[in-house]
Protein chains: 2
Amino acid sequence: MARDPDAPRPPRAATAGRAPRATAPAGVVTLQQVAERAGVSPSTVSRIINGTAIVAEAKKQAVADAIEALGFVPNPVARGLAGGRTLSIGVVTQVIDSPFYGGALRGIEDVLQLAGYSPLFVSGHWTTTDEARCIEMLRARRVDGLILLDGRISDSAVKALARQLPVVVTGRQIKAPGLFSLAFDNLRGARLATEHLLALGHRRIAFIGGDPQHPDAVAREQGWRDAMASAGVPVDEALREHGGYIEEGGLRAMERLLDSGHAFSAVFAANDQMAYGAALALHRRGLQVPQHISLVGFDDVATSQYTLPPLSSVRQPVVELGRRSAEAVLDLIAGRKPTAELSAPEMVARESSAALPG
Amino acid sequence: MARDPDAPRPPRAATAGRAPRATAPAGVVTLQQVAERAGVSPSTVSRIINGTAIVAEAKKQAVADAIEALGFVPNPVARGLAGGRTLSIGVVTQVIDSPFYGGALRGIEDVLQLAGYSPLFVSGHWTTTDEARCIEMLRARRVDGLILLDGRISDSAVKALARQLPVVVTGRQIKAPGLFSLAFDNLRGARLATEHLLALGHRRIAFIGGDPQHPDAVAREQGWRDAMASAGVPVDEALREHGGYIEEGGLRAMERLLDSGHAFSAVFAANDQMAYGAALALHRRGLQVPQHISLVGFDDVATSQYTLPPLSSVRQPVVELGRRSAEAVLDLIAGRKPTAELSAPEMVARESSAALPG
DNA sequence: TTGTATGCGTTATCAA
DNA sequence: TTGATAACGCATACAA
């Protein structure tokens, strides 16, 4: 199929002679050739490259020279087949261009690259079917480990997976052999946000939640409730809305809040994107942030620093999440016990929240 | 190295007997097994799977049944080694979590997946060294094709690459065998933005440009100049600033513009992120958008719809760019001639631009 | 139309 | 310490 098999064979490059099956992209050096040039056996070359066994210093040098001279690069595909390790890690994210998880991908990429591994990024689209398909694909490609960034897959399915290969999963706390989990402290973060508003004197604090299907969405709502309860401030159920974690949802939720007629002086949105939508809704109604209504988001996405006004938010260590996840799979692969921990969420007060007037 | 080689051999699963080299993750079915069960030779199975030759309907069915029953999934690693095709496409992006190129990644993912290919995403970080490293890695992994999203690699290097494997490159227009290029019409987009402001009556239109190293940055500046020239409006060089394509840069640029003392009633920022920064700078000086200053961005990033005020911007068909790029590599791989074209940029007028008062 | 034999580039086993 | 030799799982040239 590649490059029209029926066509007359294109004249091979100058280095004709042997005409193999068109595998090697012409000019590719094999370990075999290195061995010949260095005057040793292929096994020895392999051993030197992988540090699998002790070899004589002289041969080591000869092989190093040959590798250098020939510009040899090991073929990961062949390595994968022969050795069973592909030096690749499957990463199941939900949306490849998520403004939030993007940082995690960066963290993963950094750590893996330094370790000589490559991430294989795939998107689960928050659906079990897509996730399952992705995971199957990754297993077929023989990844050495798996990082699951949140997702809808069940705990038991994750555990089953971990029996087959090292797995790191975020967004939940489960324990099983071959498995490591890592989660943000959403409860604490949401408490932080609410306490920030309470400290500013607000009492009637509305909450715009995410998709209740997400475990973090319920944790964030619980954090809001906990903080209110700790402060002895009753929660008005009419002040709880859902925005599905997207801008438009935040906008609609805010409109419903405004239309409900229930008074409030502050809003805590369970993510920054909903906060953006909420801010726009307020703006459309002629209400100013924070003069009329204080607004706090969650996640502290990159652009929140530059919104009008700059958005107060709860910072999640998301790049760190990526780094730790990658370190953890590497640990699992090496047979070490991962010990990664995430730093705590942090309240970043900017200009969208202010003291309750009066 | 994987899972402690020194430990006593873990008791193999129930299906012991042959104890191969620990490659197969226990319970993996091979084409061989399918062949046995179907009562045909491995080659026949292979032919059926790949449609490489005509086979008897009866055997076809038997093999299909066996595949179904055994849950056979071909091993891409072995396929890659044997057939020389890995069914994977290398995608060199610049930052894995770019708010702009994210859409392109999504488009690529969609198209490739439907064709049975997998993208391998890597980040070049806008540096030639990282890019070179990424490309080397991808070649080592024997990707069947390459998509280069912009990047700093030279045209000649791209052409050289295209002699080795199918390459699609965006952000420039070059022609060579095995190569296809695809670029946004930045010039036209920038003209559109400027003409929009001119149509609103603005004459003193400032420009905040991106990194002059980017070819698109110079095209966007040129578009601004062209539109001004066409309208017979002289360009005041003092109204041209650079913001490096980032928020902070936009903010600083706007401050410089304000401090310069040169009057202007509108600003065209060469991307949305700089526009955000610029808006914040105006806000800090007590200037309102669009009442005092009109603002137009470029790229129409997702959140621009929800900024305060919603940002007028030039929409680039970025998801389409991804889709077309993917289709084009697939074409090249199949020996077809790619014919992809991009739809034109579009001015999206929102609330950050308004008629010149008075 | 189908089966056999061989090779892809590397690692792992076993003797030496 | 080193080198043959046999896989790894599949695709393909060739023979039948």
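As the structure is a computational prediction, the values presented were derived from the model and not from experiment. Below, read A as the first sequence line, B as the second, and so on, with proteins coming before strands; counting in each chain starts at 1.
Taking the salt bridge (charged side-chain N to carboxylate O under 4.0 Å, His left out) definition, one finds that B:R141 meets it with nothing, sequence neighbours left out. In this structure B:A78 satisfies the side chain to side chain contact (heavy atoms under 4.5 Å, CB included) test together with A:L81, B:N75, sequence neighbours excluded. Not counting sequence neighbours, A:D65 has no partner by the salt bridge (charged side-chain N to carboxylate O under 4.0 Å, His left out) test. Considering only residues two or more places apart in sequence or on other chains, B:D110 meets the salt bridge (charged side-chain N to carboxylate O under 4.0 Å, His left out) condition with B:R323. Partners of A:T86 by side-chain hydrogen bond (donor to acceptor under 3.5 Å, both in side chains), not counting sequence neighbours, listed by chain and number: A:S88, A:D144. Contacts of A:D331 classified as salt bridge (charged side-chain N to carboxylate O under 4.0 Å, His left out), with partners at least two apart in sequence or in another chain: A:R336.
Checking the phosphate oxygens (OP1, OP2) of C:dC8, no side-chain nitrogen or oxygen of A:N75 falls inside 4.0 Å. Close to D:dC10, at under 4.0 Å from its OP1 or OP2, lies no side-chain N or O of B:R79.
Among the atoms of the strands shown, base atoms are found under 4.0 Å from some heavy atom of B:S46.
Overall, the helix from C:dT1-D:dA16 to C:dA16-D:dT1 carries an axis bend of 40° between its ends, with five pairs at each end and the value rounded to 10°.
Within a heavy-atom distance below 4.0 Å of DNA chain C, the residues of residues 56-71 of chain B found are B:A56, B:K59.
Residue pairs meeting the ring pair (Phe, Tyr, Trp, His ring centres under 6.0 Å) criterion with at least one member in residues 54-94 of chain B, sequence neighbours excluded, do not occur.
Side-chain atoms of A:E131 never come within 3.5 Å of backbone atoms of A:G124 as a donor-acceptor pair (strictly under, hydrogens ignored).
Looking at B:S43, its side chain comes within 3.5 Å of the base of C:dT4 through a donor and an acceptor atom.
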